[in-house]
Amino acid sequence: MTTDAAYEHCRQVARASGSSFYAGMRLLASDRRAALFAIYALARRIDDIADGELSAGDKVAALERTRAELAQIDDSTDPVLVAVADAARRFPIPLGAFGDLVDGAELDVRGTSYETFAELERYCRCVAGSIGRLSLGVFDCSDRELGAPLADDLGVGLQIGNILRDVGEDLANGRVYLPREDLERFEQQLELVVAFEAQRGLEWLQRGLELVPLLDRRSTAAVLAMAGKYRVLLTRIADEPSIVLRGRLSLRRWEKGLVIARSLAGVGA
C-alpha cells in the first residue's frame with residue numbers, strides 16, 4: 001500500500017461519509033487536506049465501532065484492538081493507519097489524542113450518563129476536543145501552545161451541538177447525555193434544559209473561535225466552515241428548543257451555502 005493510495009482511500013472515506021465537515025476540509029491546501037482526511041477516516045472508524053451492531057463486549061474489544069494498533073502505527077499496512085502515520089511525520093499531529101477519542105467511544109458503549117456538566121465536559125473533550133487538537137496539528141498555526149486549549153474548547157462547543165441536535169433520537173432510545181444536575185435545576189422541563197445547554201454551547205464555541213487569529217487564511221476558512229454550521233444550529237436551538245424534540249435538526253441548503261461563503265470571506269457565521 002503506497003502512501004498516495006492510503007491517502008486516496010481516506011479521501012474516499014471522508015467523501016462517502018456525507019459529513020458536513022467534508023466541505024470545510026476541502027478548503028485546505030492539498031497536503032494539509034490529505035492529512036485531515038486521514039485523521040477523519042480514523043476518527044470515523046472509531047465512531048463507527050461505538051455506534052455499530054456489535055455487542056457491547058465486542059465493541060470494547062474492537063476499541064482495544066484499535067488502541068493497540070495505534071501503539072504500533074508505524075508498522076501497520078492498514079491504509080488509514082498508513083496515511084495517519086505519514087501525516088504525523090509531516091505535521092505536528094498529537095497522535096495521543098486518538099487515545100482520548102477511544103476513551104470517549106468506550107463511554108458511549110457503556111452508556112455512561114453524566115451527573116454534572118463537568119463530567120459531560122470531560123466526555124466532550126474526549127470525543128471532540130481530541131479532534132480539535134488533532135486538526136490543529138494539521139493547520140498552519142502561529143502559536144500551537146496557545147492554540148491547543150482553544151481547539152479543545154471549540155470541540156466541546158461542537159459536541160454540545162451534536163448532543164442537542166440528536167437529543168430527541170437519544171431520548172427515544174433511552175440515552176441521556178444532558179447533565180442530571182441541569183435536568184433537576186429546571187425540574188425536568190426539557191425545553192428549558194435544551195435552551196440552557198444551547199446557550200452554553202454557543203459560549204464554548206465563541207471561546208474556541210479565539211483560535212482563528214492564530215491560523216493562516218486557509219485554515220481559518222476550514223475552521224469557520226466547520227464551526228459555522230454549529231453556530232447556526234445552536235442559535236436555532238436556543239431560540240426554539242422544542243425543534244430538536246420533534247426530530248433531528250439539520251441545516252437548510254441555503255444555510256450551508258451561506259456558511260461556506262462566509263468562511264471563504266473569513267467571516268464568522
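This chain uses plain numbering: 1 for the first residue, then up along the sequence.
Considering CD of Q206 and CG of D153, their distance stands at 12.0 Å, rounded to 0.5 Å. Distance check, rounded to the nearest 0.5 Å: SG of C124 to CG of N162 gives 9.0 Å. In this structure, the separation between CD on E106 and CD1 on I49 is 10.0 Å, given to the nearest 0.5 Å.
You'll find the ring centres of F21 and Y40 outside the 6.0 Å limit. In summary, the aromatic rings of F91 and F139 are positioned with their centroids too far apart to meet the 6.0 Å limit.
The closest side-chain heavy-atom distance from L81 to E69 is below 4.5 Å.
With no hydrogens or angles considered, no side-chain donor-acceptor pair links D166 and Y177 at under 3.5 Å.
Atom CZ of R15 has 12 or fewer heavy atoms from other residues, nucleotides or ligands within 6.0 Å. Dense packing is recorded around CZ of R45, with more than 12 heavy atoms of other residues, nucleotides or ligands lying under 6.0 Å away. Within a 6.0 Å sphere centred on CZ of R180, heavy atoms belonging to other residues, nucleotides or ligands number 12 at most.
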Problem set entry | Intermediate values then yes/no, ring-ring contact (aromatic ring centres under 6.0 Å, His included), F37 and Y7 | CA-CA 7 Å; F37 284 156; Y7 279 122; 9.4 Å; no
Exercise. Could you go step by step and tell me if L27 and R33 meet the side-chain contact (heavy atoms from CB on, under 4.5 Å) rule?
Worked result: CA-CA 8 Å; L27 299 176; R33 179 170 65 239; over 6 Å; no
For this session: Might you work through the side-chain contact (heavy atoms from CB on, under 4.5 Å) test for D100 and R133, ending with a clear yes or no?
Result: CA-CA 11 Å; D100 293 337; R133 284 176 271 126; 3.1 Å; yes
For this session: Run the numbers on E181 and Y114 for side-chain contact (heavy atoms from CB on, under 4.5 Å), then give the verdict.
Result: CA-CA 9 Å; E181 66 178 4; Y114 303 97; over 6 Å; no
Exercise. What's the verdict on side-chain contact (heavy atoms from CB on, under 4.5 Å) for L164 and I160, showing C-alpha distance, side-chain angles and the deciding distance?
Worked result: CA-CA 6 Å; L164 295 179; I160 291 173; 4.0 Å; yes
Problem set entry | salt bridge (Lys or Arg N to Asp or Glu O under 4.0 Å) between R217 and D140, intermediate numbers included | CA-CA 9 Å; R217 182 178 60 82; D140 186 348; over 6 Å; no
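When atom types are taken as modelled, the side chain of N173 and the backbone of E169 share a donor-acceptor pair closer than 3.5 angstrom. With hydrogens and angles ignored, the 3.5 Å screen pairs a side-chain donor or acceptor of T66 with a backbone N or O of A62. Here the side chain of S17 pairs a donor or acceptor atom with the backbone of A14 at under 3.5 angstrom. Looking only at distances, no side-chain donor or acceptor of S219 sits under 3.5 Å from a matching main-chain atom of L215.
Nearest heavy-atom pair across L95 and A88 is CD1-CB, 3.8 Å. Across L234 and G157, no two heavy atoms sit closer than the pair CD1-O, 4.0 Å. A pairwise comparison of heavy atoms in Q159 and A128 identifies CB-CB, 3.7 Å as the closest pair. Of all heavy-atom pairs between I39 and L134, the closest is CD1-O, 3.5 Å.
Classification of R200 and D182 as a salt-bridged pair holds, one side-chain N sitting under 4.0 Å from a carboxylate O. Ionic pairing of R246 and E240 is present here: one or more N-O contacts between side-chain nitrogen and carboxylate oxygen are shorter than 4.0 angstrom. Between D47 and R44, at least one side-chain N (NZ, or NE/NH1/NH2) sits under 4.0 Å from a carboxylate O, which counts as a salt bridge. Under a 4.0 Å N-O distance rule, the pair D103/R67 qualifies as a salt bridge. A salt bridge does not link E119 to R122: none of the charged nitrogens lies less than 4.0 Å from a carboxylate oxygen. Salt bridge annotation for K59-D51: absent, with no cationic side-chain nitrogen under 4.0 angstrom from a carboxylate oxygen.
Because its NZ or CZ atom is not both nearer than 6.0 Å to the ring centre of Y123 and within 45° of the ring axis, R125 does not count as a cation-pi partner of that residue.
Both W204 and L214 are part of a single hydrophobic cluster, where members link through side-chain heavy atoms under 4.5 Å apart.
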